[in-house]
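To start, the structure under review is shown below, and the notes come after it.
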2 protein chains.
Amino acid sequence: MKFDDVITIKDIAKALNLSTSTVSRALRGRYEISAETKKMVLEYAERMNYRPNLIALSLKEQRSKAIGIVVSEIANNFFSQAINGIESIAYNRGYHVIITQSHESRDREMVNVQHLVSRNVDGLLLSFSCETTDISYFQQLHEKGFPMVQFDRVMEELDTHKVIADNYQGAFHATEHLISRGFRKIGHITSTNNLNITRERLQGYKDALLKHHIPYDEELVKHCNRGGMIYEEVEEAVESLFFNKSKIDALFTAGDRLTTVCLSALKNVQNKYKQVGFIGFTNTNLADLFTPSVSVVRQPAFEIGQRATELLIEMIESKKPITDFEQEVLSSHLIVRDSSKPL
Amino acid sequence: MKFDDVITIKDIAKALNLSTSTVSRALRGRYEISAETKKMVLEYAERMNYRPNLIALSLKEQRSKAIGIVVSEIANNFFSQAINGIESIAYNRGYHVIITQSHESRDREMVNVQHLVSRNVDGLLLSFSCETTDISYFQQLHEKGFPMVQFDRVMEELDTHKVIADNYQGAFHATEHLISRGFRKIGHITSTNNLNITRERLQGYKDALLKHHIPYDEELVKHCNRGGMIYEEVEEAVESLFFNKSKIDALFTAGDRLTTVCLSALKNVQNKYKQVGFIGFTNTNLADLFTPSVSVVRQPAFEIGQRATELLIEMIESKKPITDFEQEVLSSHLIVRDSSKPL
DNA sequence: ATGAAAGCGCTAACAA
DNA sequence: TTGTTAGCGCTTTCAT
């Protein structure tokens, strides 16, 4: 079924015995057009429910007033909140957003980005998938002057604006918090080392241990390289932390999805959750409904989305190329609940 | 900053001393083009990283190979799972999806839909906002033959394909389950009566009471007309159910967001959650991490998304107009956990 | 104040 | 086998 029963400027012109250019001008309220013509056109357009064809406009203007978003999963509290932040700015500035998910797949991410670009989005908000390592395509785009801002999961080598949470500090404080509560064998479940957030949080964890003279034991760090997409991967990590030679007394998880999946796994693995100190990065609103309620590191997801969007729109609308890029770091927030109480 | 450093067919044609049509044909592998020309074009295109401009294609072909999705919130387990179902089908059939959120606002919904339509999406997957009552715009679109499928939150008067869960049955069983566990004063928190899901679930609740000779008391039914978007609205509902003359011994909540927000409110209102039987519609994966673990009605969200998409693509690709529409009802699933145990 | 024509990138009918 | 041309819907420059 082809759908093409939409009214165009041409139709209006024909009906009113005007040229398309006059109609176009009238519609846009240009001063040259006589009041009566304007009125006639506007009324007719209104009556016929005329809507400009944005596709045609994009083609003509070479811009779309749309922003492309690439995230790994929308079913992730951090990202859905960030997207709300993005939308809050974008809509106010007259931009639409197009949301795509990579599902942690590099290929899907690539397909999505190319699709967005060939749809003439005016800019991109990027948060990379676990699998992504080759960013040459993004480099190229960037070098050609295509506006993009990275947020949360960013690539050092891609020199654009970046907006991130203070991953290092968040992890440092979380770990130090567990230590201050008396935990000594602190396991850390995190994602792939491809991601900056993994590396930064791991470093925060390490440095907190160091500061408190607790030897770093790499046996206690488990990388779930699919970022929690595969439950078994996480359960295995949890099991090995509890049942190998070096048993843990507390667990610190990096990443929103990882944290929620870990909590499931902890429950499933001999109901370990109640028997271990716990803190994790997550933005879920349900953290205090668990028993014990979950201590978390909460990221300013909404604000990160907002800030990234402001920077992006600034780039899009800037007359001259921008060559100087900043990395903005927003504070995350430790919320202490029962799961990190001394046992 | 305008970004326009992309290679087009014209560029290729110029570089290779060919006409744009030859290049176009070579790119699409048409049989008329000689092997060598084809090879030359393909190689050059590859080397220059040529990507077709989908905007131009859409304008030309009057279709975009894109599907628009309108939901209230992506931060809702039901919808994010449904979207995953939608994507799983769409991508396999060569369609992209454009996700938009209404945030339960009728105006935003309207803006989004019009935007999608003027971007030439080939069809729409619709789940209406709480505020929506006037569907004349959708009626018009539908009458013009624009492909659309409604899912979950559907409008009776809009005669398109519909894919929904068995809301009535789900609610009936949930309520009956609470009754079978000995609860008699069962409160029901639901959303606005605008929504079919509200009405169907309420009816299931009523009929279950009726069947078991429990008088229906409308004092026990609270409508949160913003669908849980406003926490205070929900907390108020919860409070009134506990502290008014007719106190409840159990609570049944309709709707994903409403359920999770209610759980928060229950916890906050004098920690009532442990003192009341509970069951709710929700697709969260965290339900068994609460204490007590939450009994739920789980909807086949992924499958609903899939099925709606199959129907939509069928419509889009059908040669002849489709005039006969079906409503598909998929079974939801009662998962009994501890929250509905006798106290 | 209004119209004619060109062009955004692409495809296809028609010509050669 | 390849090229020319028109047209998708819109805006804008350049006439008039």
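Below, chains carry the letters A, B, ... as their sequence lines are ordered, and counting in each starts from 1.
- Listed in residue order, the members of residues 40-48 of chain B having a heavy atom less than 4.0 Å from DNA chain C come to none.
- In this structure, a donor-acceptor pair under 3.5 Å is absent between the side chains of B/D107 and B/S105.
- Checking the phosphate oxygens (OP1, OP2) of C/dT2, a side-chain nitrogen or oxygen of A/S34 falls inside 4.0 Å.
- Residues passing the ring-ring contact (aromatic ring centres under 6.0 Å, His included) test with B/F325 are B/H142, B/H161, sequence neighbours excluded.
- Put simply, the side chain of A/S127 never gets that close to the backbone of A/D152: no donor and acceptor are under 3.5 Å apart.
- Here C/dC8 presents its P atom at 18 Å from CG of B/L54, a figure rounded to the nearest Å.
- Residue A/N17 is in sugar-phosphate contact alone, with no base atom involved, counting any heavy-atom pair closer than 4.0 Å across all strands shown.
- Axis orientation changes by 50° from one end of the helix from C/dA1-D/dT16 to C/dA16-D/dT1 to the other, with each end axis drawn from 5 pairs and the value rounded to 10°.
- Whole-Å rounding puts the B/I33 CD1 to C/dA12 C1' distance at 12 Å.
- Checking the phosphate oxygens (OP1, OP2) of D/dT2, no side-chain nitrogen or oxygen of B/R30 falls inside 4.0 Å.
- Remark: A/T22 is in phosphate contact with C/dG3, judged by side-chain N or O atoms under 4.0 Å from OP1 or OP2.
- Residue A/I89 holds its CD1 atom at 6.5 Å from OG1 of A/T309, rounded to the nearest 0.5 Å.
- One finds the CG atom of B/N120 at 11.5 Å from the CG atom of B/L57 (value rounded to the nearest 0.5 Å).
- Going from atom CD of B/E131 over to atom CG of B/L195 covers 10.5 Å, rounded to the nearest 0.5 Å.
- Looking at B/R153 and B/E104, a side-chain N of the basic residue comes within less than 4.0 Å of a carboxylate O on the acidic one, giving a salt bridge.
- What separates CG of A/L27 from P of D/dC10 is a distance of 9 Å, to the nearest Å.
- Atom CD1 of A/I12 is separated from atom P of D/dT11 by 11 Å (rounded to the nearest Å).
- B/Q101 is listed as a side-chain neighbour of A/I83, based on a closest heavy-atom distance under 4.5 Å.
- Within 6.0 Å of the CD atom in A/E326, the count of heavy atoms belonging to other residues, nucleotides or ligands exceeds 12.
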Detail all sub-3.5 Å separations between protein N/O atoms and N/O atoms belonging to nucleotides 6-9 of chain D.
{"from": "D/dG7", "atom 1": "N2", "to": "B/K60", "atom 2": "NZ", "distance (Å)": "3.2"}
{"from": "D/dC8", "atom 1": "OP2", "to": "A/K10", "atom 2": "NZ", "distance (Å)": "3.2"}
{"from": "D/dC8", "atom 1": "O3'", "to": "B/Q62", "atom 2": "NE2", "distance (Å)": "3.2"}
{"from": "D/dC8", "atom 1": "O2", "to": "B/K60", "atom 2": "N", "distance (Å)": "3.4"}
{"from": "D/dG9", "atom 1": "OP1", "to": "B/Q62", "atom 2": "NE2", "distance (Å)": "3.3"}
{"from": "D/dG9", "atom 1": "N2", "to": "A/A56", "atom 2": "O", "distance (Å)": "3.3"}

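- Note: NZ (A/K14) to P (C/dA4) measures 14 Å, nearest angstrom.
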B/R307 vs B/E310, salt bridge (Lys or Arg N to Asp or Glu O under 4.0 Å): CA-CA, chis, key distance, verdict: CA-CA 5 Å; B/R307 193 65 196 118; B/E310 285 169 355; 2.6 Å; yes
A/R47 and A/E43: salt bridge (Lys or Arg N to Asp or Glu O under 4.0 Å), yes or no, with the steps? CA-CA 6 Å; A/R47 193 150 56 79; A/E43 279 180 6; over 6 Å; no
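- Within the model, atoms CZ of A/R51 and OG1 of A/T8 stand 14.5 Å from one another, a figure rounded to the nearest 0.5 Å.
- In this structure, the separation between CE on A/M148 and CD1 on A/I316 is 11.0 Å, given to the nearest 0.5 Å.
- Distances shorter than 4.0 Å separate none of the side-chain N or O atoms of A/S19 from OP1 or OP2 on C/dT2.
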N/O-N/O pairs, protein side and nucleotides 13-15 of chain D side, under 3.5 Å:
{"from": "D/dT13", "atom 1": "O4", "to": "A/R25", "atom 2": "NH1", "distance (Å)": "3.3"}

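- Note on B/S58: nothing from the nucleic acid sits closer than 4.0 angstrom, heavy atoms only.
- Among residues two or more places apart in sequence or in another chain, the side-chain contact (heavy atoms from CB on, under 4.5 Å) test is passed with A/F302 by A/N84, A/S88, A/Q306.
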